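Everything below concerns the one structure shown next.
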Protein chains: 2
Amino acid sequence: MTLRPEKQSMKERILETADRLFYLRGIRAVGVDTIAAEVGISKRTLYNHFPSKDELIAAYLQGRFNKAPPSDKPPIEQILGTFDRLERGFASKGFRGCPFVNAVAELGSEDKSVKKIAIAFKESRRIWFRDLLLKLDVPDPEGLATQLTLLVDGSIAQDLVRDDPSMARAAKEAARVLLGNAGVGIVGRDGGNTAGAAKKRSSSRRTRRPPDV
Amino acid sequence: MTLRPEKQSMKERILETADRLFYLRGIRAVGVDTIAAEVGISKRTLYNHFPSKDELIAAYLQGRFNKAPPSDKPPIEQILGTFDRLERGFASKGFRGCPFVNAVAELGSEDKSVKKIAIAFKESRRIWFRDLLLKLDVPDPEGLATQLTLLVDGSIAQDLVRDDPSMARAAKEAARVLLGNAGVGIVGRDGGNTAGAAKKRSSSRRTRRPPDV
DNA sequence: GCCTAATTACACAGATCGGTGTAATCAAGG
DNA sequence: CCTTGATTACACCGATCTGTGTAATTAGGC
């Protein structure tokens, strides 16, 4: 009966489907019945693994907490590479903004646990930037790290409404300026200039998975 | 019976209440019954003024389209002043992020009209920045305007999840660097340095109206 | 074969959703 | 006074929501 390996546990299957639907259509817009039907299980089974939708939501956001893969590349490349990965994410078909920001926007200040997870995620990214900046001996790693997160979240929000992956490139150029201002030497500018980046209203949206946010 | 002037029309009263509830609690989270009850009218009256909730949502977002007051102050002050107003907005009690981003995040790609309004708003702000930058004769007003909008939206998203109005200051400092890099002379840095701005995890939230986004 | 645990189908509860139909009431202006 | 239009109360629709109760069915390990 098991046509394919099916190494996933039931809980994983539920969580995977919930992740996809919550992220793509919105948390409030997706009911537990829809999730159960999509997984191909009964609603009862779903509730056997997650006591409530709220817990499923929390698990969904926890699962979005990325596994930032450690890299041995130079810090400056890692920092700027963030925006390249961001641009690929924007261009992927299923991109729908930052799941944490979206969740907070949807569920408001009612759900405290959701906000806590969102805060933790945002802070983790800021710390990731900061630790890289520490290696670069910039004057103010804390403040610069915060500014870089602003560019990240700003480009995400802009792409969410505009569907314009070039926002990531604009953010990258701004990041380069901020880094340069902090005394970090400019590293290989890629291809074209960034002028009029907002003009190339790309209508691409290829078929890739949303890598990370 | 009219204790106070009551110069508002019925439609305005409905829209005002809808705006407050939609923005504060989320669009999907607020039903038409709730809005009617809050206004103190019957649901029938509400539907006499707005044929559907979707139209009410559209009117809500249209109403958020700000009236950018023309100013005769120097462009550079207007640009940087944006972040000051942003910080005041963040510190106000009812601030809950960008209504347009929130709406797109909530309603997803289903509602086309909502997305159109959101795009128009974001673009209008970019144009506002660009026109000011044109007066400053910067090399790339289009690209720089885009970058400034990234800082604006980034700080809004960050404040939404962190409740930290200092994000606006961090954005302002970054904007100053970007402007300086474009050849615009530094204008009066205010008070303290921007270092560790992310540290002053303000728990303020005063009682003010959300001015604009 | 048997025990245990998971999963199933399915009905149902209680609430809320957007939206409508209807008839009574109210207010204002001619 | 009378007419007209707005507003009211209120019942109701069908759909959907989260969550539960229950009894039958399945599958695997001993």
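Per chain, numbering begins at 1; letters A, B, ... match sequence-line order. Keep in mind it's a predicted model, so treat the numbers as computed, not measured.
Using a 4.5 Å cut-off on side-chain heavy atoms (C-beta onward), B:I27 and B:V114 make no contact.
As a whole-Å value, the separation of B:M10 CE from C:dA27 P is 14 Å. We find that CG of A:D33 is positioned 14 Å from P of C:dC10, with the value rounded to whole Å. Rounding to whole angstrom units, NZ of residue B:K11 and C1' of D:dT7 are separated by 16 Å. One can place CZ of A:F22 at 12 Å from C1' of D:dT18, the figure rounded to the nearest angstrom. Atom CZ of B:R25 is separated from atom C1' of C:dT16 by 15 Å (rounded to the nearest Å). In this structure, A:I57 atom CD1 and D:dC17 atom P are separated by 13 Å, rounded to whole Å. B:L21 places its CG atom 12 Å from the P atom of C:dG18, with the value rounded to the nearest Å. Between the CG atom of B:L56 and the C1' atom of C:dC17 there is a distance of 15 Å, given to the nearest Å.
Listed here is the closest heavy atom pair of A:L15 and A:A59: CD1-CB, 3.7 Å. Across all their heavy atoms, A:F83 and A:L148 have their closest contact at CZ-O, 4.3 Å.
Take the nearest nucleotide of DNA chain C for B:G31 and for A:I41: the residue whose nucleotide is more 5' is A:I41.
Nearest nucleotide to the side chain of A:K43, out of C:dT8, D:dT18, C:dG21: D:dT18. Candidate nucleotides D:dT8, D:dG21, C:dT7 were compared by shortest atom distance to the side chain of A:R44, and D:dG21 ranks first.
A parallel orientation is assigned to the rings of A:F121 and A:F100, their planes being inclined by less than 30° (bins at 30° and 60°). Relative orientation of the B:Y23 and B:F95 rings is perpendicular, given thresholds of 30° and 60° on the angle between their planes.
Counting only N and O atoms by type, the side chains of A:D54 and A:S52 include no donor and acceptor under 3.5 Å apart.
Close to C:dT8, at under 4.0 Å from its OP1 or OP2, lies a side-chain N or O of A:S42.
Interface residues of residues 46-55 of chain A facing DNA chain D, ordered by number: A:Y47, A:S52, A:K53; criterion, heavy-atom separation under 4.0 Å.
Heavy atoms of other residues, nucleotides or ligands lying less than 6.0 angstrom from CZ of B:R25 number 12 at most.
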